[in-house]
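Structure first, commentary second.
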Protein chains: 2
Amino acid sequence: MNTGNNSSDAEGMKIPLQANPPVAKVCPHNVNISCASCRLNELCLPIALSKSEVHQLDEIVERNRPYKKGDHLYRQSDEFKSVYAVRSGSFKSYVLSDNGQGRVTGFFLPGEIIGMDGISSKKYANSTSALEHSSICEIPFVQLERLSHQLPNLQHHFFAIMGNEIAKDQQIHTLLSSYTAEERTASFLLGLSSRYARVSLSPTRFLLPMTRSDIGEYLGLTVETMSRIFTALQRKGLIAVNNREVELLDIEALRAIVTAS
Amino acid sequence: MNTGNNSSDAEGMKIPLQANPPVAKVCPHNVNISCASCRLNELCLPIALSKSEVHQLDEIVERNRPYKKGDHLYRQSDEFKSVYAVRSGSFKSYVLSDNGQGRVTGFFLPGEIIGMDGISSKKYANSTSALEHSSICEIPFVQLERLSHQLPNLQHHFFAIMGNEIAKDQQIHTLLSSYTAEERTASFLLGLSSRYARVSLSPTRFLLPMTRSDIGEYLGLTVETMSRIFTALQRKGLIAVNNREVELLDIEALRAIVTAS
DNA sequence: TGTCCTTATTGATATAGATTAAGTTTACTT
DNA sequence: AAGTAAACTTAATCTATATCAATAAGGACA
């Protein structure tokens, strides 16, 4: 309780109330959906599992109540217990530097897995919080390991998920160590685009769930630079931005910017 | 053939010759050492395995002939087949940007695992080459998976190794996105220091196996800046550098530089 | 509906590190 | 041992992005 000044603490007092009832936003935040019937089962953990295997996975997955904007999944140096799959909404991971200001280390969209940085040290290396009203599947890691041992497909797939995370992190390493502000931004937007495409959302029009400041921290740039680059890309006719709404007008040109470096 | 101007290509022509016979440099590069008797078995894959389990691991490990400086373990977009454990010497991973210049994505010292970035896409995402005369244990991934399925300890440990890689990559993300040149350099030296300590080498005096340029590419800085920072740290009395030889004179002060940010 | 607070934009200026340019030292090669 | 190439250092200058400063526009809440 001492760590927290987040809204979930307040919420903690009315545990059984299922929080905001007016979340009748249809299915996306629905708590009682099984892996088998989840629309993300083609990209989340169930991929490559048979029907009966998915059923076994289902049994260890905990479907918590939805998270409100700013609620924390876990905090830096909390004991590692679970990995999480985003069902709907989005999250950011960040660390706080000693001088107090945060640095965003990742964004997570539906179907993506959160928390693997805690596996080896048994403590989470960052804090992660919801960027908007979101829902999550929690997968206790001990049980995931046990089940992976029984299901070679699951073991194989989880190795692949982790390997993918490693490959992605290395791309970001390259991005941060040698790309200009404009190249980083273009690459970031294209990355979001294909991640939205994966979940059958428009790859050319989407809402940014995070602030300019979040993006800046992630890309190693200041908010002011982010803002300037966004307007510059807009002037060039490559994107249209209106507050959190982004439209990619010329994907090829954006790609050319990234490839140039 | 068009990509290559490295010594391993030349070597490729005399395949069966076992390369340099005068490698009688005693044990470190000795090819015929088992996991059970390897001095790295406390930090490499065998950790946490029982005697008989180590024996099973032994059977799938391929101990290739030593690699000469510049020889490649694999190249970017080669088919992923194995992960590699460094037995002696050191390696660097790098990607080439379209304009031709490389960007180093990692350095690997004895006991560390190379190649996990290829697991998900089935292709290596980078090239990796030896920085000096080095030896390697190759672990065919299909067999590692099969054995992990049989040995829960091994599965657990490999998850941990991958999780550790992810956590490390995120630290570098933070480093690159918000640290100054001096902070990055101090952090890099301290990192090397503790990695050498892990393999029972001096944490305060060591030889850098890589060039200034390699370090610069890794830290997102130019060679010139690297050189300047090294001399600056030396003037301040925090380190002593003589070509590739480094001595850390004031670890606490180096830590203070890193923590400041 | 208005007030407050957070987020975003834009401009002016400062600066860390890149770039350019030599020059020097180290280390291969023959 | 000499000759050449690679690696490293140092200095002068330039530039991309940070910093500082001010304003504007949303969005949450009373």
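We name chains A, B, ... by the order of the sequence lines, and we start the count at 1 in each one.
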Identify whether the distance between the nearest side-chain nitrogen and carboxylate oxygen of [X] and [Y] falls below 4.0 Å.
X	Y	answer
R205(B)	E247(B)	yes
K236(B)	E182(B)	yes
E138(B)	R63(B)	no

How close or far is atom [atom2] of [N] from atom [atom1] of [X], stated in whole angstroms?
X	N	atom1	atom2	result
R244(B)	dA6(D)	CZ	P	14 Å
H133(B)	dC28(C)	NE2	C1'	17 Å
L207(A)	dG26(D)	CG	P	14 Å
E245(B)	dA27(C)	CD	P	11 Å
L208(B)	dA27(C)	CG	P	13 Å
R212(B)	dT24(C)	CZ	C1'	14 Å
I215(B)	dA7(D)	CD1	C1'	12 Å
E183(A)	dA16(D)	CD	C1'	12 Å

Next on the checklist: Using side-chain heavy atoms (C-beta onward) and a distance below 4.5 Å, is F107(B) in contact with L131(B)?
Outcome noted: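 The answer is yes; the side chains approach within 4.5 Å.
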Next on the checklist: With a 4.0 Å limit, can you tell me whether N243(B) has a side-chain N or O closer than that to the phosphate oxygens OP1/OP2 of dA27(C)?
Outcome noted: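 Yes.
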Item to check | Exam field: side chain R184(A) to backbone Y179(A), donor-acceptor pair closer than 3.5 Å | outcome: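 At least one qualifying donor-acceptor pair exists.
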Item to check | Ring centres under 6.0 angstrom apart (Y218(A), H173(B)) | outcome: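 Yes, ring centres under 6.0 Å apart.
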Checklist entry - In residues 217-236 of chain B, which ones come under 4.0 Å of DNA chain D, going by heavy atoms? => result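 Those residues whose heavy atoms fall under 4.0 Å from DNA chain D, taken from residues 217-236 of chain B in numerical order, are E224(B), S227(B), R228(B), T231(B).
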